[in-house]
Amino acid sequence: MPKRKLKFREPTPREPNLSGHLALVTGANRGIGLAIARALAREGCNLVITGRDERALAKARAELEKLQPEKFKVHVLAQSCDVRNPDSVDYLFALVRGLHKPLDIVINNAGIGHPDLAVGELPYPTWMEVIDTNLNGLFLVTQAALAVMQRGSTIVNNLSIAAERVFTGSAAYNASKHGALGFTDTLREELRPKGIRVIALMPGATDTAIWDVLWPKAPRRKMMSGETVARTVVNALLLPENTTVEKIVVMPSSGTL
Ligand SMILES: NC(=O)c1ccc[n+]([C@@H]2O[C@H](COP(=O)([O-])OP(=O)(O)OC[C@H]3O[C@@H](n4cnc5c(N)ncnc54)[C@H](OP(=O)(O)O)[C@@H]3O)[C@@H](O)[C@H]2O)c1
């Protein structure tokens, strides 16, 4: 009996391809930001990574440079930047402009939580620090980034499920993330005619250092990994340019903690 020759279909090339794209990830020296940076490096993106802790940033850079896909050199610029400080953000973007390449992807990820305290006990400096980082910092970085972004690029704002629901004892965090969602939704409509996609990333509990502050005894084993969250972001970025996921709500399957 003549043997049937099996024909394998060539894999369909993924469109769009992120290799060679330039991505900025704030707060990328650990946690979800580093996980997203790793996932983007594996896709061949060149990276600008930030955070305040310079040692952690240098370590992240060394790791990311080793993750390049085959036959591809990934360039990583690691620059310390405090997203609350306009001068620090200006300096970062002077360096970005010096790369002479538009930013294809901006991941606004830098953010902080605060200890579990009811409104009556929440110190004003804590309130200010959280709003300054999670909301004002988001504004400063986004505004600077818009000047170096073009049609076809994408902004992902890492919010939280706390952007839509509330957790008692987390008033400043909830307020900052609700505000950040309002900002993100406005930005999306403003940028729609310019062909820049805006994605609200809304993860539930993810196992990172933020929980050392929010709830040190939280059950980590129920949480997602940063890598899982990163995968949802890369999947969204790989959609064709004429398509977007406007909101990514990704949760542990067991629900909120
Ligand atoms: N983990 C979760 O369950 C969860 C769920 C939903 C959303 N999120 C959001 O995910 C984002 C990342 O948090 P994470 O969970 O990965 O926590 P994390 O491990 O504590 O990471 C926070 C990152 O933000 C940076 N950062 C904090 N303040 C900054 C500032 N003023 N300027 C610049 N960078 C700053 C930190 O670096 P430096 O301290 O060195 O500056 C670090 O890289 C946050 O926006 C958080 O709200 C987290």
Side-chain angles (χ1 to χ4, degrees), residues 24-39 47-61 64 78-89 91-92 107-115 126 128-142 144 156-167 170 172-181 183-184 199-216 218-230 232-233 247-252 254-257:
L24 164 69
V25 188
T26 67
N29 53 10
R30 61 170 189 264
I32 298 174
L34 178 55
I36 293 175
R38 283 189 193 114
L47 292 164
V48 179
I49 59 166
T50 76
R52 292 164 302 170
D53 179 340
E54 296 193 16
R55 275 179 73 174
L57 204 55
K59 206 170 149 217
R61 177 194 170 170
L64 291 166
Q79 175 59 40
S80 76
C81 171
D82 186 335
V83 296
R84 299 169 297 179
N85 180 340
D87 292 339
S88 184
V89 173
Y91 187 73
L92 168 71
I107 312 282
N108 279 308
N109 167 78
I112 56 168
H114 62 87
T126 304
M128 285 289 283
E129 194 188 6
V130 174
I131 300 293
D132 222 11
T133 308
N134 296 358
L135 191 53
N136 299 340
L138 173 63
F139 169 78
L140 287 174
V141 173
T142 304
V156 179
N157 291 343
N158 191 1
L159 310 175
S160 161
I161 54 170
E164 280 185 333
R165 56 179 95 176
V166 298
F167 298 93
S170 283
Y173 189 74
N174 297 332
S176 70
K177 296 296 185 176
H178 272 64
L181 178 59
F183 172 76
T184 303
I199 299 175
L201 173 62
M202 300 172 60
T206 310
D207 188 2
T208 70
I210 207 170
W211 288 96
D212 298 343
V213 176
L214 283 174
W215 180 13
R220 303 277 183 135
R221 75 200 139 71
K222 288 191 177 174
M223 296 183 187
M224 299 179 290
S225 69
E227 280 63 33
T228 302
V229 177
T232 68
V233 173
K247 200 189 272 186
I248 300 172
V249 182
V250 53
M251 295 273 299
S254 56
T256 51
L257 301 180

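Atoms within a ligand are numbered from 1 in the order they appear, just like the ligands themselves. These numbers come from the heavy atoms of this one structure, side chains and all, not from hydrogens, waters or symmetry mates.
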Item to complete: Please step through side-chain contact (heavy atoms from CB on, under 4.5 Å) for the pair Val233 and Ile199, ending with a clear verdict.
Response: CA-CA 9 Å; Val233 173; Ile199 299 175; over 6 Å; no

Worksheet item: What protein heavy atom sits nearest atom 15 (O) of ligand 1, and how far away is it?
Response: Thr208 OG1, 2.5 Å

Worksheet entry | For atom 46 (C) of ligand 1, the option (of Tyr173, Trp211, Trp215) bearing the nearest heavy atom | Tyr173

Response to the item:
Looking only at protein heavy atoms, what sits closest to atom 13 (O) of ligand 1 is Ile210 CD1, 4.2 Å

Worksheet item: For ligand 1, which atoms have a heavy atom of Gly204 less than 4.0 angstrom away?
Response: 3 (O), 5 (C)

Worksheet item: Quick one: nearest non-hydrogen protein atom to atom 19 (O) of ligand 1, plus distance?
Response: Arg30 NE, 3.2 Å

Worksheet item: For Glu227, does the CD atom have more than 12 heavy-atom neighbours from other residues, nucleotides or ligands under 6.0 Å away?
Response: yes

Worksheet item: To the nearest 0.1 Å, how far is atom 25 (C) of ligand 1 from its closest protein heavy atom, and which atom is that?
Response: Gly27 CA, 3.6 Å

Worksheet item: So, does Ser80 use its side chain to make a donor-acceptor pair with the main chain of Glu54 at under 3.5 Å?
Response: no

Fill in: Shortest protein contact, atom 6 (C) of ligand 1 (heavy atom only)
Pro203 O, 3.2 Å

Worksheet entry | Check: Asn108 main-chain N/O paired with Asn158 side-chain donor or acceptor under 3.5 Å | no

Discussion item. Any atom of ligand 1 sitting under 4.0 Å from a heavy atom of Ala205?
Written reply: yes

Worksheet item: Quick check: does any side chain N or O of Asn134 sit under 3.5 Å from a backbone N or O of Ile112, one acting as donor and the other as acceptor?
Response: yes

Worksheet entry | atom 28 (N) of ligand 1 - nearest protein heavy atom and its distance | Arg52 NH2, 3.2 Å

Worksheet item: Within the side chain of Ser176, is there an N or O that forms a donor-acceptor pair under 3.5 Å with the backbone of Asn174?
Response: no

Discussion item. Which of the numbered atoms in ligand 1 are under 4.0 angstrom from any heavy atom belonging to Ile112?
Written reply: 27 (C), 28 (N)

Fill in: Side-chain donor or acceptor of Arg30 paired with backbone N/O of Leu57 under 3.5 Å
no

Item to complete: Output yes when the distance from some N or O of ligand 1 to some N or O of Ile32 is under 3.5 Å, and no in every other case.
Response: yes

Discussion item. Determine whether a donor-acceptor pair (N or O, by modelled atom type, separation under 3.5 Å) exists between the side chain of Ser160 and the backbone of Met202.
Written reply: no

Worksheet, complete the sentence: shortest atom 7 (C) of ligand 1-to-protein heavy-atom contact is with Leu159 O, 3.0 Å

Worksheet item: What do you reckon, does Thr50 put a non-hydrogen atom under 4.0 Å from ligand 1?
Response: no

Response to the item:
Of Val89, Asn109, Thr50, Leu92, the one forming a side-chain contact (heavy atoms from CB on, under 4.5 Å) with Val141 is Val89

Fill in: His114 side chain vs Leu214 backbone, donor-acceptor pair below 3.5 Å
no

Fill in: Student check: side-chain heavy atoms of Val156 and Ile248 closer than 4.5 Å
no

Worksheet item: For ligand 1, which atoms sit closer than 4.0 Å to a heavy atom of Gly31?
Response: 16 (O), 19 (O)

Practice prompt. Flag the pair Glu164 / Leu159 as yes when at least one side-chain heavy-atom distance between them is below 4.5 Å, and no otherwise.
Written response: no

Worksheet item: Are any of the heavy atoms in Met202 under 4.0 Å away from ligand 1?
Response: no

Worksheet item: Looking only at non-hydrogen atoms, which of Ala209, Ala163, Ala110 approaches atom 35 (C) of ligand 1 most closely?
Response: Ala110

Worksheet entry | atom 3 (O) of ligand 1: nearest protein contact (heavy atom, Å) | Thr206 N, 2.7 Å

Worksheet item: Which bit of Ile161 gets closer than 4.0 Å to ligand 1, counting heavy atoms only: side chain, backbone, both or neither?
Response: neither

Fill in: Sub-4.0 Å heavy-atom approach of Asn29 to ligand 1
yes

Worksheet item: Does Arg84 offer a backbone N or O that forms a donor-acceptor pair with the side chain of Asn136 under 3.5 Å?
Response: no

Discussion item. Only heavy atoms of Ser160, strictly under 4.0 Å: list the atoms of ligand 1 that pass.
Written reply: 6 (C), 7 (C)

Discussion item. Other residues, nucleotides and ligands only: do more than 12 of their heavy atoms fall within 6.0 Å of CE on Met251?
Written reply: yes

Worksheet entry | Side chain Ser88, main chain Asp82, donor-acceptor under 3.5 Å | yes

Item to complete: Examine the proximity of ligand 1 to Thr133 and report which part, side chain or backbone, both or neither, has a heavy atom under 4.0 Å away.
Response: side chain

Item to complete: Pick one of side chain, backbone, both or neither for how Cys81 approaches ligand 1, counting any non-hydrogen atom pair under 4.0 Å.
Response: backbone

Worksheet item: At a non-hydrogen distance cut-off of under 4.0 Å, which region of Asp82 contacts ligand 1 (side chain, backbone, both, or neither)?
Response: both

Fill in: Gly111 neighbourhood, listing ligand 1 atoms whose heavy-atom distance to it stays under 4.0 Å
22 (C), 24 (O), 27 (C), 44 (C), 45 (O)

Worksheet item: So which of Asn158, Asn109, Asp212 gets nearest to atom 44 (C) of ligand 1, if we judge by its closest heavy atom?
Response: Asn109

